[in-house]
Amino acid sequence: MTDKATDYRATLNLPDTPFPMRGDLPKREPGWVKQWNDEGTYKRLREARCGAPKFILHDGPPYANGQIHMGHAVNKILKDMIVKSKQLDGFDALYVPGWDCHGLPIENAIEKKYGRNLSRDEMQAKSRAYATEQIAQQMTDFQRLGVLGEWDHPYKTMDFANEAGELRAFKRVIERGFVYRGLKPVYWCFDCGSSLAEFEIEYADKKSQTLDVAFKSHEPAKLAAAFGLPSLSKDAFAVIWTTTAWTIPANQAINLNPELPYALVDTPRGLFLVAEALVEACLKRWNLEGSVLATTKGEKLGGLAFEHPLYDVDAGYRRLSPVYLADYATADDGTGLVHSAPAYGVDDFNSCVSHGVTYDDILNPVQGNGAYAPEFPLFGGQHIWKAVPVIIQALEDAGRLLHTTTITHSYPHCWRHKTPVIYRAAAQWFIRMDEGEGVFTKDKAPKTLRQTALEAIEQTSFYPENGKARLHDMIANRPDWCISRQRSWGVPIPFFLHKDSGELHPRTMEILDQAADIVEKGGIEAWSRVTTEEILGAADAPSYTKSTDILEVWFDSGSTFFHVLRGTHAPQFHETGPEADLYLEGHDQHRGWFHSSLLLACALEGRAPYKGLLTHGFTVDSQGRKMSKSLGNGIDPQEVNKKLGAEIIRLWVAASDYSGDIAGDQKILDRVVDAYRRIRNTLRFLMANTSDFDIAKDGVPLDQLLEVDRYALSRAAQFQAEILAHYKVYEFHPVVAKLQVYCSEDLGAFYLDVLKDRLYTTAPKSLARRSAQTAVWHITQAMLRWMAPFLSFTAEEAWGFIGNGQSIFTQQYCDLGSPDEALLAKWTRVREVRDLVMKNIETVRTAGQVGASLQAEIVITAPAADLDLLASLGDDLKFVTITSAASAVVGDALSVAVTPSAGTKCERCWHYRDDVGVDPAHPTICGRCTSNLFGAGETRTVA
């Protein structure tokens, strides 16, 4: 054979793999989803972990209404990454997706389509059909994101068994003494036409009119005596300040603080009673001159009577407002006097009731739709928001308005409709937070619900930790939980109330069991069709009314630990113990699902339903604005799937610090695409260089590997320990960041760079090449598992070429052994020296003296310690530095001399050597290549 006849490129062991360079994700990913479904991959994962310790991430059910948005995608992908990382860690990591199916948003959607006059049966039937349709759409979208789970058997709160299980949970809460019926102010949304829980309230700015309103003294002599005055020379007035003009018509009292000093101020318009500390501010606001006649403490004024400000306008307001003493009246703002409409404020309600006002005496003219009752004097039939200017004008005409202005303040809104809500007294069912008597108590809990919940929080792990204080404060300060709603689409409160006394039927607990059995067979619709006679019999039926209230939707989702983990899906979870390992939702769920689940689990079982709580932020744009359709700044996951692939969404989620808000826009996604390409290219290079390698036949025992290969595996073991520590505490963005650095620096810029010559130029089956391939094979196997939780499609695709025919998720993290600390320390220093070499070569290259680093020869001057280290590399030093010749000499300080090589460039390995052409038959290649091709092959010991 002559040199001219030899194609030396063909003699190189060039990389080769069917794993494509381009991901082509939008086209390929749907195929993987279909394959996972067709092959029952989730079931195979369960079989692979049969008998292993279980890990349960209980799914907080998304609401079955509307196409998923990027917030949904973030949530589901985070859950999926955690479950998969636990699966790879050897756990039987279960994930049962769920849906929240009852409640107002679905009713609203039905009303928009069919009108508001549907019967209860029609509403329930159409709501169930609508929720079923929405779940199918959302399920498809979640699966498209690469989320693995029990999609063929999810849980749905509208499944008959779950509805029945919820009723049994409700019965148990009653038995534990927590449920009672009461009249008290609750949040009320006019758009919902129903009460709301604390969980359903959010605060937003609202414009309101402030009013300073004068209540004329009905007992001037008593008022004078309270201030130590013989008499009053003018009409005297108690002045209140409020931002809720609409409540003035329902005023029934005035609250003063017993410890505050109050002043009687003489002005041209009369004598005005205000807190002493606010006299100056009040006179300025009213544009009046005045002087203090006398002062007294609030306790001296208790019981004094004042006239309603519209007392002389209409006979319907000819009533008195007594002074009640209450600590919540302060001198922080206003006048220091608080007007009390007990139907429309919790503090007002409690104050009036404690001073002897009966429930029957409480005025409650505002109807559920927001309008005053038709017969209400002066303002009957008017909606309260529209009535405000009318009320203000009436007060002005009566001479009782001292001042009004518009302010913007934080005000509670319905989190569904984004409209202002009010407090409104209504007879509702409540779960009690503190001491008190419940109905039909059989097995009273030893502690209050608040005490038990606060103790449970202390036993819970929080990710991030600041979630603990947030949930603690919410539980510590929350009122009793209003659990009844006046709607149709939900789990019924199966009570029968006596028409005269309002008392529950004495067989209520039996009826609850009966209702649960009926619902389990036919759903909530079956209970709706049941008549009072069928349940109570002909004798009792005429005396009782069947309740049409339903349990609010937070009771549905909050009780899923009971009727899903212990109920419909109990066979999967029976070994897990009483709590789920983790609940994961957005940080708004401290007041939502985390909150309701905690209260119900503590009420039922005296413990939290979870061992850990993980919260993530909202999706925002690059400017920090929450993604929304109205702003037009959202990213549609469906569109990203079509253009870039779901894998890019997954990598974006993984690379983001979810403990805060998660920023995303097209530019951010473009950077994620670049990161994906770097990781994929690294993976492809690893796979391409082991295409002719079978670990069973060709693997080199680890103790016989070349030193740099042993170092590479030791570094991989060290790296794996780092990322598994992150996975253990559900941290993903450090894993992504470190993996990118590992790919670019540990592999691309060092190990694989050094390895190319040995992989390409040595004999295919030589120890030198097989040693390198052994290390690369182990690194590839480990890397696929590191990335699989977030780059699931890519890992599964690659595994199809190099795996055992099963899913990557049937595997476990590789056992890479313990890192060799001495080897790591040695090669850390070698790499530092190498970096200096590369820097110096770059300087010479920039000057035009050399081209590639192989055209250079180097001499490293090094102190004794470094010299010994470099000497241990022997002749392989040149392979580590990727130069044609390298040597080291002793010196005081580390330095590198770079000179162009005088040798001839080998056509095959590109090294510059003196022995190019040593074999006349191959005059263009070096003796090293000749030996590797036709002889015994070169000997490598280190690199």
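Numbers here are sequence positions counted from 1. Please read these numbers as outputs of a predicted model, since none were measured by experiment.
- Using cut-offs of 30° and 60° on the angle between ring planes, the pair Trp151 and Phe142 is parallel.
- A donor-acceptor pair shorter than 3.5 Å can be found between the side chains of Asn37 and Gln143.
- Between Pro97 and Met139, the closest side-chain pair of non-hydrogen atoms is not below 4.5 Å.
- With no hydrogens or angles considered, a side-chain donor-acceptor pair links Lys79 and Asn75 at under 3.5 Å.
- Looking at Asp661 and His616, their side chains never bring a donor and an acceptor atom within 3.5 Å of each other.
- Glu552 and Trp481 share a side-chain donor-acceptor pair at under 3.5 Å.
- Leu582 places none of its side-chain heavy atoms less than 4.5 Å from the side chain of Tyr610.
- Remark: side-chain polar atoms of Tyr727 are paired, donor with acceptor, to backbone N or O of Trp786 under 3.5 angstrom.
- We find the CG-CG distance between Asp92 and Leu45 to be 9.0 Å, quoted to the nearest 0.5 Å.
- A cation-pi arrangement is present between Arg46 and Tyr42, with the terminal nitrogen or guanidinium carbon under 6.0 Å from the aromatic centre and inside a 45° cone about the axis.
- A donor-acceptor pair under 3.5 Å is formed between the side chain of Arg650 and the backbone N or O of Phe790.
- Between Arg607 and Gln459, every side-chain heavy-atom pair lies at or beyond the 4.5 Å cut-off.
- Gln124 and Arg529 form no side-chain donor-acceptor contact under 3.5 Å, judged by distance and modelled atom types alone.
- At distances below 3.5 Å, not a single donor-acceptor pair connects side-chain atoms of Glu585 with backbone N or O atoms of Thr615.
- Within the 4.5 Å cutoff, the side chain of Phe809 has heavy atoms near those of the Ser807 side chain.
- A donor-acceptor distance shorter than 3.5 angstrom exists from the side chain of Arg176 to the backbone of Ala603, with no hydrogens or angles considered.
- Distance check: Ile648 CD1 to Leu25 CG gives 5.5 Å after rounding to the nearest 0.5 Å.
- Between Leu551 and Glu166 there is a side-chain heavy-atom pair separated by less than 4.5 Å.
- Centroid-to-centroid, the aromatic rings of His58 and Tyr155 come within less than 6.0 Å.
- Annotation: side chain to side chain donor-acceptor pair (under 3.5 Å) contacts of Gln638 (sequence neighbours excluded): Asp141.
- A distance below 6.0 Å separates the ring centres of Trp36 and Phe793.
- Side-chain N or O atoms of Glu200 include none that pairs as donor or acceptor with a backbone N or O of Cys414 at under 3.5 Å.
- Partners of His590 under the ring-ring contact (aromatic ring centres under 6.0 Å, His included) rule, at least two apart in sequence or in another chain, are Phe594.
- Between the Asp80 side chain and the Leu148 main chain, a donor and an acceptor come within less than 3.5 Å of each other.
- A side-chain donor-acceptor contact under 3.5 Å links Arg478 and His595.
- The distance between the ring centers of His569 and His153 falls below 6.0 angstrom.
- Judged by distance alone, the side chain of Arg128 and the main-chain N or O of Met158 form a donor-acceptor pair under 3.5 Å.
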Please walk me through it: do Lys76 and Asp59 pass salt bridge (Lys or Arg N to Asp or Glu O under 4.0 Å)? CA-CA 9 Å; Lys76 274 292 192 285; Asp59 194 26; 3.2 Å; yes

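- With sequence neighbours excluded, no residue satisfies salt bridge (charged side-chain N to carboxylate O under 4.0 Å, His left out) with Lys126.
- With a 6.0 Å radius and a threshold of 12 heavy atoms from other residues, nucleotides or ligands, Asp815 has its CG atom at or below the threshold.
- The pair Arg172-Glu175 counts as a salt bridge, with a side-chain nitrogen and a carboxylate oxygen less than 4.0 angstrom apart.
- Salt-bridge annotation for Glu111 and Arg487: present, with a side-chain N of the basic residue lying under 4.0 Å from a carboxylate O of the acidic one.
- Ring centers of Trp32 and Trp799: at least 6.0 Å apart, outside the cut-off.
- With no hydrogens or angles considered, a side-chain donor-acceptor pair links Ser195 and Arg485 at under 3.5 Å.
- Aromatic ring centres of Phe562 and Phe170 lie farther apart than the 6.0 Å criterion allows.
- Looking only at distances, a side-chain donor or acceptor of Tyr63 sits under 3.5 Å from a matching main-chain atom of Gly103.
- By the 4.5 Å heavy-atom criterion applied to side chains, Val653 and Phe732 are not counted as neighbours.
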Taking it one step at a time, do His72 and Gln67 satisfy side chain to side chain donor-acceptor pair (under 3.5 Å)? CA-CA 9 Å; His72 287 116; Gln67 195 172 50; over 6 Å; no

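- Between the CG atom in Leu449 and the SG atom in Cys602 there is a gap of 6.5 Å [rounded to 0.5 Å].
- For the side chain to side chain contact (heavy atoms under 4.5 Å, CB included) test with Leu599, the passing option among Ile475, Leu604, Ile483 is Ile475; the others fail.
- Atoms CG and CD1, from Leu669 and Ile649 in turn, are 7.5 Å apart once rounded to the nearest 0.5 Å.
- A donor-acceptor pair is defined here as one N or O able to donate and one able to accept, closer than 3.5 Å; such a pair exists between the side chain of Asn162 and the backbone of His563.
- Lys521 forms no cation-pi arrangement with Phe160, by the criterion of a distance under 6.0 Å to the ring centre and an angle within 45° of the ring axis.
- For the residue pair Lys84 / Ser792, a side-chain donor-acceptor distance below 3.5 Å is found, with atom types taken as modelled.
- Although no hydrogens or angles enter the test, the distance criterion places a donor-acceptor pair under 3.5 Å between the side chain of Glu796 and the main chain of Ile808.
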